[in-house]
Amino acid sequence: MNTTEHPVLLFDGVCNLCNGSVQFIIERDPDARFRFASLQSEEGQAVLSRFENRPSDLSSVVLIQDDQLYARSEAALRVARQLGGGWSLLYAFIVVPRPIRDAVYDWIARNRYRWFGKKDACMIPSPDLQSRFL
């Protein structure tokens, strides 16, 4: 997978917040730049296996772009920067020190199932979106 042409976003496929975020990104990515895979999938694990610094749990969103791995708050902010509209302004939070950003990210990640729920199985993309998923 060429992550220069198409950044790949790996997400927790059973998390309702994560699935909602993927739908949110798809709607705001009119050029269809991003590709997606769940962290639980063989495809997602294959992409991750190329990186020594990969996260070991499913509580982190991971962005692979230009053969670089970004996780947690940095991944989320880098995705926001590439979205249409005013969403790119969220990237300004990159100036907040990473330990503070990641602490907030981790707090949300720890509570995501309780607040938003989870599915029994990973999301299956609709036929018109299948080309966006690995």
Side-chain angles (χ1 to χ4, degrees):
M1 164 58 57
N2 181 348
T3 61
T4 303
E5 182 180 345
H6 293 287
V8 175
L9 188 69
L10 304 174
F11 63 99
D12 179 351
V14 298
C15 168
N16 287 339
L17 173 63
C18 304
N19 281 296
S21 297
V22 167
Q23 294 301 318
F24 180 88
I25 293 165
I26 288 171
E27 292 171 10
R28 287 154 185 84
D29 181 24
D31 297 330
R33 292 191 61 229
F34 287 100
R35 298 296 180 261
F36 305 92
S38 74
L39 287 162
Q40 293 92 336
S41 69
E42 289 181 28
E43 295 84 358
Q45 288 299 306
V47 171
L48 272 181
S49 70
R50 299 184 356 226
F51 297 91
E52 289 182 26
N53 64 331
R54 65 186 173 268
S56 59
D57 63 16
L58 301 179
S59 66
S60 179
V61 65
V62 176
L63 175 66
I64 310 292
Q65 186 169 21
D66 299 326
D67 292 321
Q68 298 291 316
L69 182 146
Y70 305 98
R72 298 161 65 192
S73 66
E74 186 168 9
L77 291 173
R78 286 179 175 273
V79 169
R81 180 173 65 175
Q82 298 174 66
L83 296 180
W87 296 105
S88 63
L89 299 175
L90 290 173
Y91 190 71
F93 284 104
I94 201 77
V95 301
V96 174
R98 184 185 311 233
I100 295 170
R101 286 182 304 170
D102 283 347
V104 171
Y105 181 93
D106 292 342
W107 177 67
I108 293 168
R110 273 191 311 275
N111 293 290
R112 71 190 187 280
Y113 294 148
R114 185 168 8 127
W115 294 341
F116 301 97
K118 67 187 271 191
K119 300 177 183 302
D120 292 329
C122 291
M123 174 181 100
I124 299 174
S126 63
D128 58 322
L129 292 179
Q130 279 186 336
S131 66
R132 305 279 309 267
F133 287 78
L134 303 184

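Small disclaimer: the values here were computed from a predicted structure and weren't measured. Along the sequence shown, residues carry numbers from 1.
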Within a strict 4.5 Å, meaning less than it, do heavy atoms of the Pro7 and Leu63 side chains meet? yes
Mark yes or no for whether Gln40, through its side chain, and Gly13, through its backbone, hold a donor-acceptor pair below 3.5 Å. yes
Is it true that a side-chain atom of Asn16 and a backbone atom of Tyr113 form a donor plus acceptor pair closer than 3.5 Å? no
Assigning hydrophobic clusters by single linkage (Ile, Leu, Val, Met, Phe, Trp, Tyr; side-chain heavy-atom cutoff under 4.5 Å), is Ile108 placed with Ile25? no
Measure the spacing between CG of Leu77 and OH of Tyr91 and express it to the nearest 0.5 Å. 7.5 Å
Fellow cluster residues of Leu89, listed by chain then number, with links counted only when side-chain atoms sit under 4.5 Å apart: none
Test item: Leu90 and Arg81 side chains (from C-beta on) under 4.5 Å apart, heavy atoms: no
For Ser88 and Gly85, which heavy atoms make the closest approach, and how far apart are they? OG-O, 3.8 Å
Under 4.5 Å between any side-chain heavy atoms of Val22 and Phe34, yes or no? no
Answer yes or no: are there more than 12 heavy-atom neighbours, outside Gln130 itself, under 6.0 Å from its atom CD? yes
Check whether any side-chain heavy atom of Val62 sits under 4.5 Å from a side-chain heavy atom of Phe51, and report yes or no. no
Report yes if some heavy atom in the side chain of Leu9 is under 4.5 Å from a heavy atom in the side chain of Arg35; otherwise report no. no
Within one Ile-Leu-Val-Met-Phe-Trp-Tyr cluster: Phe11 and Tyr105, side-chain cutoff 4.5 Å: yes
salt_bridge(Lys118, Asp12) N-O dist < 4.0 Å: no
Hphob cluster co-occupancy, Ile94 + Val104, side-chain heavy atoms under 4.5 angstrom: no
Considering only heavy atoms from C-beta outward, does the side chain of Gln65 approach that of Arg33 to under 4.5 Å? yes
More than 12 heavy atoms of other residues, nucleotides or ligands under 6.0 Å from CZ of Phe24: yes or no? yes
Please say whether the positively charged group of Arg78, taken as NZ for Lys or CZ for Arg, lies over the ring of Tyr70, i.e. under 6.0 angstrom from the six-membered ring centre and within 45 degrees of the axis. yes
Pairs involving residues 96-109, ordered by first then second residue, that meet salt bridge (Lys or Arg N to Asp or Glu O under 4.0 Å) (sequence neighbours left out): Arg72-Asp102, Arg72-Asp106, Glu74-Arg98
Within-4.5 Å side-chain heavy-atom neighbours: Arg112 and Cys18: yes
For the pair Asn111 (side chain) and Trp115 (backbone), establish whether a donor and an acceptor sit closer than 3.5 Å, ignoring hydrogens and angles. no
Within the distance-only criterion (no hydrogens, no angle test), does the side chain of Ser21 pair as donor or acceptor with the backbone N or O of Leu17 below 3.5 angstrom? yes
Test item: Leu48 and Leu69 side chains (from C-beta on) under 4.5 Å apart, heavy atoms: yes
A cation-pi test, strictly: NZ or CZ of Arg114 under 6.0 Å from the centre of the six-membered ring of Phe116 and no more than 45 degrees from its axis. Yes or no? no
Let me see the working for Leu10 and Val61 under side chain to side chain contact (heavy atoms under 4.5 Å, CB included), right down to the final yes or no. CA-CA 6 Å; Leu10 304 174; Val61 65; over 6 Å; no
